[in-house]
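Sequence lines set the chain letters: A, B, ... in the order given, protein chains first and strands last, and positions in each chain run from 1.
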Amino acid sequence: AAGVIQSPRHLIKEKRETATLKCYPIPRHDTVYWYQQGPGQDPQFLISFYEKMQSDKGSIPDRFSAQQFSDYHSELNMSSLELGDSALYFCASSLGNEQYFGPGTRLTVT
Amino acid sequence: AQKITQTQPGMFVQEKEAVTLDCTYDTSDPSYGLFWYKQPSSGEMIFLIYQGSYDQQNATEGRYSLNFQKARKSANLVISASQLGDSAMYFCAMREGDAGGTSYGKLTFGQGTILTVHP
């Protein structure tokens, strides 16, 4: 069965650089979520989209933005990267009750 | 206040035995969903099981079952016949505002429990 696809899987950036993470949800899933998981922590919700419109917003820094495109894929844009942004970034998608996560993008900021 | 509490930082179980991972939650919303995810050392988040607040029966998925006690606000995960591959971090999560079928809300996670299965 198709799963959520995220790219890249690993990303190394320097402070103050920008990063773009991509997410391709499971086909026909209408909602996309982004979560951030710091080292040794539980995932924290950042933002979600339902039918290409922002549906909810969590503790997402102003330096981050996201959007969902007409083909339902989503991108998380991160600017002025800080050391504290180093984390595992998950995209998840859902159609109904179950929420499926992608493999994550591991971002390291040096 | 913590909405999802997992009080067991670590659990150990012998291979082929059953294990229960605890999860309690706090919400005033009558409609909610409870989830369990497995996160192996490789990092991916694997969906295991879902229980809606209005579901009359406890959810089961293969070796996984959810012991849902609504009055106690607990949603413990039971893994039967543990396997070495079950060693991982397990997260309990809640989504508020489930509308008896579909919901588009974010998940709030507990702190996780590391399960180690011994041969």
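- At least one donor-acceptor pair closer than 3.5 Å links the side chain of Y35(A) to the backbone N or O of L107(B).
- No more than 12 heavy-atom neighbours from other residues, nucleotides or ligands sit within 6.0 angstrom of CD1 on I12(A).
- With sequence neighbours excluded, the residues forming a side-chain contact (heavy atoms from CB on, under 4.5 Å) with T108(B) are K3(B), listed by chain and number.
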Could you go step by step and tell me if K106(B) and W34(A) meet the side-chain contact (heavy atoms from CB on, under 4.5 Å) rule?
CA-CA 9 Å; K106(B) 62 181 181 287; W34(A) 287 97; over 6 Å; no
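- Cluster annotation: Y100(A) and L46(A) are assigned to distinct hydrophobic clusters (Ile/Leu/Val/Met/Phe/Trp/Tyr, side-chain heavy-atom contacts under 4.5 Å, transitive).
- The two residues Q37(A) and F91(B) come nearest to each other via the heavy atoms NE2-CZ, 3.6 Å.
- Atom CD of Q99(A) is separated from atom OH of Y50(B) by 11.0 Å, given to the nearest 0.5 angstrom.
- Counting all heavy atoms, side chain and backbone alike, M45(B) lies closest to P43(A) at CE-CG, 4.0 Å.
- Of all residues spanning residues 83-93 of chain A, those with a heavy atom less than 4.5 Å away from chain B's heavy atoms are L88(A), F90(A), arranged by number.
- Listed by chain and number, the residues in a side-chain contact (heavy atoms from CB on, under 4.5 Å) with S59(A) amount to none (sequence neighbours excluded).
- The backbone N or O of N97(A) sits less than 3.5 Å from a side-chain atom of R95(B), completing a donor-acceptor pair.
- Among residues at least two apart or in separate chains, salt bridge (Lys or Arg N to Asp or Glu O under 4.0 Å) pairs with a member in residues 70-86 of chain B are D26(B)-K73(B), R63(B)-D86(B).
- Placement of V78(B) and M89(B) in two distinct hydrophobic clusters is found when ILVMFWY residues are connected by side-chain heavy-atom separations under 4.5 Å, directly or transitively.
- Only the backbone of Q41(A) comes within less than 4.5 Å of a heavy atom of chain B; no side-chain atom from C-beta onward does.
- The hydrophobic cluster containing L21(B) also contains Y64(B), counting ILVMFWY residues as joined when their side-chain heavy atoms lie under 4.5 angstrom apart, directly or transitively.
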Between F47(B) and F101(A), is the side-chain contact (heavy atoms from CB on, under 4.5 Å) condition met? List the steps.
CA-CA 8 Å; F47(B) 168 76; F101(A) 282 65; over 6 Å; no
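- F49(A) and V4(A) are members of different hydrophobic clusters when ILVMFWY side chains are connected at heavy-atom separations under 4.5 Å.
- Within a 6.0 Å sphere centred on NZ of K22(A), heavy atoms belonging to other residues, nucleotides or ligands number 12 at most.
- Residues L21(A) and Y24(A) do not share a hydrophobic cluster, clusters being chains of Ile/Leu/Val/Met/Phe/Trp/Tyr side chains in contact below 4.5 Å.
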